[in-house]
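These notes concern the structure reproduced below.
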Number of protein chains: 2
Amino acid sequence: MSANDLRVIKTKQALHNALLTLLSEKPLENITIAEICRVAKVNRGTFYLHYEQKEGLFEEYFQEIMEDLNNSYEEPYRAVTTMDKNQIDPNTIRIFHHIERFKMFYRIVFSKNVPLTYYYMLFDGIFSLLKRDITIHKEIHDEISIEYYSAYQANAIIGLIIQWYRQDFEDSVSTLNKQLAAILRIGEK
Amino acid sequence: MSANDLRVIKTKQALHNALLTLLSEKPLENITIAEICRVAKVNRGTFYLHYEQKEGLFEEYFQEIMEDLNNSYEEPYRAVTTMDKNQIDPNTIRIFHHIERFKMFYRIVFSKNVPLTYYYMLFDGIFSLLKRDITIHKEIHDEISIEYYSAYQANAIIGLIIQWYRQDFEDSVSTLNKQLAAILRIGEK
DNA sequence: TTAGATATTGAACATGTGTTCATTAAAATA
DNA sequence: TATTTTAATGAACACATGTTCAATATCTAA
């Protein structure tokens with residue numbers, strides 16, 4: 001199953017388009033593999049040649065979105081990790097922009113009947129951004145594991161996003177940034 | 001479908017037992033509704049009279065576990081919310097004990113092919129514990145939304161638990177408590 | 001204890017899942 | 001272009017899903 005083979009590319013493209021079409025009509029949970037294949041005019045057996053579940057297909061899109069997240073952070077993500085109020089600049093906190101940009105996707109990611117996989121993809125994305133930055137500015141006391149610390153910070157931010165999602169992303173990005181900045185400031189007063 | 005009806009109670013009990021039996025053999029994702037019904041000697045149509053998915057059945061167990069979590073916190077959960085290092089007492093942080101006590105369940109909750117529902121049940125459980133406590137000790141600056149703040153703190157703790165889970169809960173409860181205490185101390189130095 | 005209420009059953013049906021295998025079609029390469 | 005390689009197909013299989021409905025068994029309340 002060579003990834004360069006034109007046949008493979010064509011098949012995957014058809015499946016991608018079919019999934020997008022169906023996603024505009026109903027949630028991922030109500031979409032069946034048989035349905036995707038019917039729309040894509042691809043044999044169901046062929047689907048299983050490339051993916052195990054419909055989730056695997058969705059995952060391919062998610063990968064691209066995760067790249068956007070990484071690209072948003074060419075500069076280190078100082079705000080959370082240094083815990084220094086002088087360095088907190090909400091404008092450098094671009095993650096909320098990223099979520100808002102792809103909110104149609106994140107509505108799926110955070111819906112309760114979807115598998116945890118996507119949550120972990122987001123978690124791992126933020127986790128590595130933070131971990132990289134924490135490693136660079138290692139002002140952290142020895143007794144703290146960088147792994148635990150990164151996991152704590154990464155998931156805390158996702159906590160804000162969950163709260164945001166539950167109001168259907170009604171608040172503005174700047175509101176989220178302000179909330180985060182204010183929360184970080186508490187620890188310093 | 002009266003909840004007091006002996007027939008209902010018997011049916012649900014049989015389904016519960018069947019699920020537990022099967023869970024000791026294989027992960028939830030590989031268990032089918034048909035299988036549960038075969039083991040429970042309950043008609044498959046009867047299953048659908050009470051639940052929509054096998055996940056709904058699992059959820060009933062989870063409710064009981066969430067009650068344990070709540071019972072662990074008769075006293076307010078001061079450690080995280082007050083952000084005062086003098087009040088941080090790892091022994092009052094009982095959540096990690098709770099997770100360890102039910103780690104066979106949490107291995108399922110955090111596995112990647114399981115729906116987000118359970119994650120949210122845990123999140124909501126911790127969220128309300130924190131929110132209740134934050135409301136009591138409202139030393140929080142006005143500009144912060146209690147909702148966002150609680151979501152942030154609750155999910156941060158779950159972040160630690162995810163990291164813990166990913167090493168199959170090898171670290172001790174006291175290690176987790178120390179990590180949390182140390183992380184909270186950073187914001188104050 | 002009996003009569004009425006209702007939960008459970010078994011059967012059937014259309015559809016989805018996941019897999020197999022020989023056949024066919026389309027691509028790579030020589 | 002001709003040959004080789006391999007992806008895609010269609011058919012078939014056993015099994016799961018989700019639903020319906022009349023018949024039955026079992027509970028509750030009078």
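To find a chain, count down the sequence lines: A is the first, B the second, and so on, and within it residues start at 1.
With a 6.0 Å radius and a threshold of 12 heavy atoms from other residues, nucleotides or ligands, B/K41 has its NZ atom at or below the threshold. By the neighbour-count criterion of 12 heavy atoms within 6.0 Å, atom CE of A/M1 is sparsely surrounded, having that number or fewer from other residues, nucleotides or ligands. The environment of A/E52 atom CD is sparse: at most 12 non-hydrogen atoms of other residues, nucleotides or ligands sit within 6.0 angstrom.
A/R38 has its CZ atom 13 Å from the C1' atom of C/dT17, to the nearest Å. One interatomic measurement links the two molecules: CD1 of A/I33 to P of C/dT17, which rounds to 5 Å at whole-angstrom precision.
In this model, the phosphate group of C/dG18 is approached by a side-chain N or O of A/Y48 to a distance below 4.0 Å at OP1 or OP2.
Ionic pairing of A/E147 and B/R166 is not present here: no N-O contact between side-chain nitrogen and carboxylate oxygen is shorter than 4.0 angstrom.
Nearest approach of A/K54 to A/I31, heavy atoms of both residues: NZ-O, 2.7 Å. Looking at every heavy atom in both residues, B/F127 comes nearest to A/Q163 through CE1-OE1, 3.8 Å.
Here the range on DNA chain D touched by chain A, meaning any atom under 4.0 Å from one of its heavy atoms, is D/dT6 to D/dG10.
B/Y165 and B/Y106 share no side-chain donor-acceptor pair at under 3.5 Å.
If you check residues 1-32 of chain B against DNA chain D, the residues with a heavy atom closer than 4.0 Å are B/N4, B/D5, B/L6, B/R7, B/K10, B/T32, listed by number.
Residue A/L49 is the one, among A/L49 and B/E52, whose nearest nucleotide of DNA chain D lies closer to the 5' end (criterion: closest heavy atom). The 5' end of DNA chain D is approached more closely, in terms of each residue's nearest nucleotide, by A/T46 than by the other of B/R44 and A/T46.
Using modelled atom types, one side-chain atom of B/Q179 and one backbone atom of A/S145 make a donor-acceptor pair closer than 3.5 Å.
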